[in-house]
Amino acid sequence: KRRPSRASRRWPRGPPIVESVVGGPDATLQPAFDAAPPWLGADCATSVPLADGRHVWIFQDTFLGSIDAETGTRDWHCMPHNSVGTWDLPTTTIASSSLRHFVDNATCAPWLAPLAPDRWYWTETGTASSRGDRFYVFSQVMTSPCDIGCTQVGIALSAFDVSSDEEEEDD
């Protein structure tokens, strides 16, 4: 007699069924994220609320360029491996707020650049300190150049004072 597989022991009637969810842009929030060249969008967005009501948005690969108004196609200028934005949420309405995105379109430099020239940061997530005075970003440290199949060589924790724009880096 065969023993049941591990999967059938965990889920006696089979794996749980996950229903698809249909979604789309929220009409109230979308204007804050509408692509405004040179920022066309980014991978892997993470937001972290700060004590003063602002939200910091951390992005991985960031697409910079322009959009053809007739066809809606993107013309890429460059793709820094990370970027950041802040969103000041007013107390009464979200619709009047906007995402302020910080990226250098002229040089295509990432927002968070490592000390070693042959490395780059792929920002993953962040958190704020319990006092609300510090903001931390966790990043994968990757080798450069990278096409497909980059190598992760470490993890970096970067710390920022959110009351001033000074930064400290701890690798």
Side-chain angles (χ1 to χ4, degrees), residues 18 20-65 67 74 76-117 119-144 146 150-171:
V18 178
S20 294
V21 177
V22 177
D26 181 293
T28 306
L29 299 174
Q30 187 58 41
F33 290 91
D34 280 341
W39 191 72
L40 301 177
D43 289 344
C44 197
T46 300
S47 67
V48 178
L50 302 178
D52 63 4
R54 290 178 298 162
H55 284 69
V56 175
W57 284 84
I58 305 165
F59 303 100
Q60 284 185 351
D61 292 340
T62 301
F63 311 108
L64 302 177
I67 297 176
R74 295 184 286 191
W76 290 21
H77 169 62
C78 63
M79 186 180 72
H81 290 297
N82 64 70
S83 65
V84 67
T86 60
W87 193 3
D88 300 325
L89 287 178
T91 55
T92 55
T93 177
I94 292 175
S96 63
S97 61
S98 62
L99 180 71
R100 288 196 326 247
H101 196 262
F102 301 99
V103 68
D104 187 346
N105 188 43
T107 64
C108 283
W111 163 71
L112 190 56
L115 300 174
R119 305 278 192 257
W120 50 273
Y121 288 147
W122 213 6
T123 52
E124 288 293 325
T125 191
T127 190
S129 67
S130 59
R131 293 186 314 253
D133 60 342
R134 307 282 289 165
F135 174 70
Y136 302 95
V137 176
F138 294 92
S139 304
Q140 294 179 48
V141 181
M142 308 297 283
T143 59
S144 194
C146 178
C150 302
T151 302
Q152 179 180 348
V153 295
I155 297 287
L157 170 64
S158 301
F160 302 88
D161 180 337
V162 294
S163 59
S164 68
D165 289 331
E166 297 176 27
E167 64 182 79
E168 297 174 16
E169 241 173 66
D170 302 311
D171 286 318

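Looking at Gln152, its side chain does come within 3.5 Å of a backbone N or O of Gly154 through a donor-acceptor pair. With hydrogens and angles ignored, the 3.5 Å screen pairs a side-chain donor or acceptor of Ser129 with a backbone N or O of Arg134. With Thr123 contributing its side chain and Phe59 its backbone, the two residues share a donor-acceptor pair below 3.5 Å.
Residues meeting the side-chain contact (heavy atoms from CB on, under 4.5 Å) test with Ala51, sequence neighbours left out: none. Not a single ring-ring contact (aromatic ring centres under 6.0 Å, His included) links Phe135 to another residue, sequence neighbours left out. For Asp52, the salt bridge (charged side-chain N to carboxylate O under 4.0 Å, His left out) partners are Arg54, not counting sequence neighbours. Listed by chain and residue number, Trp122, Glu124 satisfy the side-chain hydrogen bond (donor to acceptor under 3.5 Å, both in side chains) test with Gln60 (two or more places apart in sequence, or in another chain). Under the rule for a salt bridge (charged side-chain N to carboxylate O under 4.0 Å, His left out), the partners of Asp133 that lie at least two apart in sequence or sit in another chain are Arg131.
How far OG of Ser158 is from OH of Tyr121: 5.0 Å, rounded to the nearest 0.5 Å. Leu64 CG to His77 NE2: the interatomic distance, rounded to the nearest 0.5 Å, is 7.0 Å. Within the model, atoms OG of Ser139 and CZ of Arg119 stand 14.5 Å from one another, a figure rounded to the nearest 0.5 Å. To the nearest 0.5 Å, atoms CG (Asn82) and CH2 (Trp120) are separated by 9.0 Å.
In this structure, the side chains of Thr127 and Thr125 stay at 4.5 Å or more apart for every pair of heavy atoms. In this structure, Pro114 and Val141 have side chains that are not in contact, with every pair of non-hydrogen atoms separated by 4.5 Å or more. The closest side-chain heavy-atom distance from Phe160 to Leu112 is below 4.5 Å. Within the 4.5 Å cutoff, the side chain of Leu50 has no heavy atoms near those of the His55 side chain.
The cationic group of Arg74 lies under 6.0 Å from the six-membered ring centre of Phe63 and within 45° of the ring axis, placing it in a cation-pi geometry.
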